[in-house]
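Some notes on the structure that comes next.
We use all heavy atoms of the structure for the numbers below, so side chains are in, but hydrogens, waters and symmetry mates are not. Note that the structure is predicted; figures quoted are calculated from it, not measured.
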Amino acid sequence: MDTEQKKSFLNPFFAFHFITLAGIAIACFVWMISSEVQPVSSFLFSSNLYIISSLIAVAVRLLLWISIDKGTLFEIKSVLKRIILDVIVINAVILSTLSSIFIVETFFL
């Protein structure tokens with residue numbers, strides 16, 4: 001029997017990861033700095049937010065790679081896959097959290 005567990009593409013979206021918490025924290029920070037002049041909706045369309053969050057995801061994954069895997073190039077392919085998934089997950093979490101905050105502010109407050 002194959003002892004390796006098969007993972008789907010949706011597994012990172014429903015699993016608990018530090019990147020998910022980082023995305024929620026970034027979205028809450030953006031919500032706290034939003035104002036009447038620069039509302040939450042302006043951040044949703046800002047490319048700077050997604051570039052910075054992607055850089056944070058890459059930095060966290062590289063830090064984990066250096067500290068846990070000792071920076072070995074033995075499994076560089078899996079590290080690159082995890083970096084891409086982390087970037088997708090953090091941006092999806094930020095987008096969904098900010099969108100939820102925008103909807104709540106618009107219709108309920």
Checklist entry - With Leu63, which residues qualify under side chain to side chain contact (heavy atoms under 4.5 Å, CB included), at least two apart? => result none
Checklist entry - Quick one: side chain to side chain contact (heavy atoms under 4.5 Å, CB included) partners of Thr106, sequence neighbours excluded? => result Phe102
Next on the checklist: Within this structure, what is the CG-CD1 distance for the pair Leu98 and Ile24, rounded to the nearest 0.5 Å?
Outcome noted: 11.0 Å
Next on the checklist: Other members of the hydrophobic cluster containing Val37, with the 4.5 Å side-chain heavy-atom rule, please.
Outcome noted: none
Next on the checklist: Once side chain to side chain contact (heavy atoms under 4.5 Å, CB included) is applied, do any residues pair with Ile84, and if so which ones, sequence neighbours excluded?
Outcome noted: Ile88
Checklist entry - If we only count heavy atoms from C-beta on, is the Leu49 to Ile26 side-chain gap below 4.5 Å? => result yes
Checklist entry - Which side chain to side chain donor-acceptor pair (under 3.5 Å) pairs, counting each pair once, include a residue from residues 21-32, with sequence neighbours left out? => result Trp31-Glu105
Next on the checklist: A side-chain contact here means heavy atoms from C-beta on lying under 4.5 Å apart; do Ile83 and Trp65 qualify?
Outcome noted: no
Item to check | Ile90 side, atom CD1; Ser54 side, atom OG - distance, nearest 0.5 Å | outcome: 7.5 Å
Item to check | With Ser99 via side chain to side chain donor-acceptor pair (under 3.5 Å) - residues at least two apart | outcome: none
Checklist entry - What closest approach, in Å, do Ser34 and Pro39 show between heavy atoms, and which atom pair accounts for it? => result CB-C, 4.2 Å
Item to check | Of all pairs that satisfy side chain to side chain donor-acceptor pair (under 3.5 Å), the ones with a partner from residues 38-51, not counting sequence neighbours | outcome: none
Item to check | Leu55-Val87 co-clustered via ILVMFWY side chain contacts under 4.5 Å | outcome: no
Item to check | Any residue meeting side chain to side chain donor-acceptor pair (under 3.5 Å) with Arg61, in chain and number order, not counting sequence neighbours | outcome: Asp86
Next on the checklist: Quick check against the 3.5 Å criterion: does Thr97 have a side-chain atom that pairs as donor or acceptor with the backbone of Ile94?
Outcome noted: no
Item to check | Selection residues 27-45 - residue pairs positive for salt bridge (Lys or Arg N to Asp or Glu O under 4.0 Å), sequence neighbours left out | outcome: none
Checklist outcome for this item: Taken to the nearest 0.5 Å, the spacing of Ile101 CD1 from Leu44 CG works out to 9.5 Å
Checklist entry - By side chain to side chain contact (heavy atoms under 4.5 Å, CB included), which residues pair with Ile52, not counting sequence neighbours? => result Ile56
Item to check | Transitive ILVMFWY side-chain link Ile51 to Ile33, under 4.5 Å | outcome: no
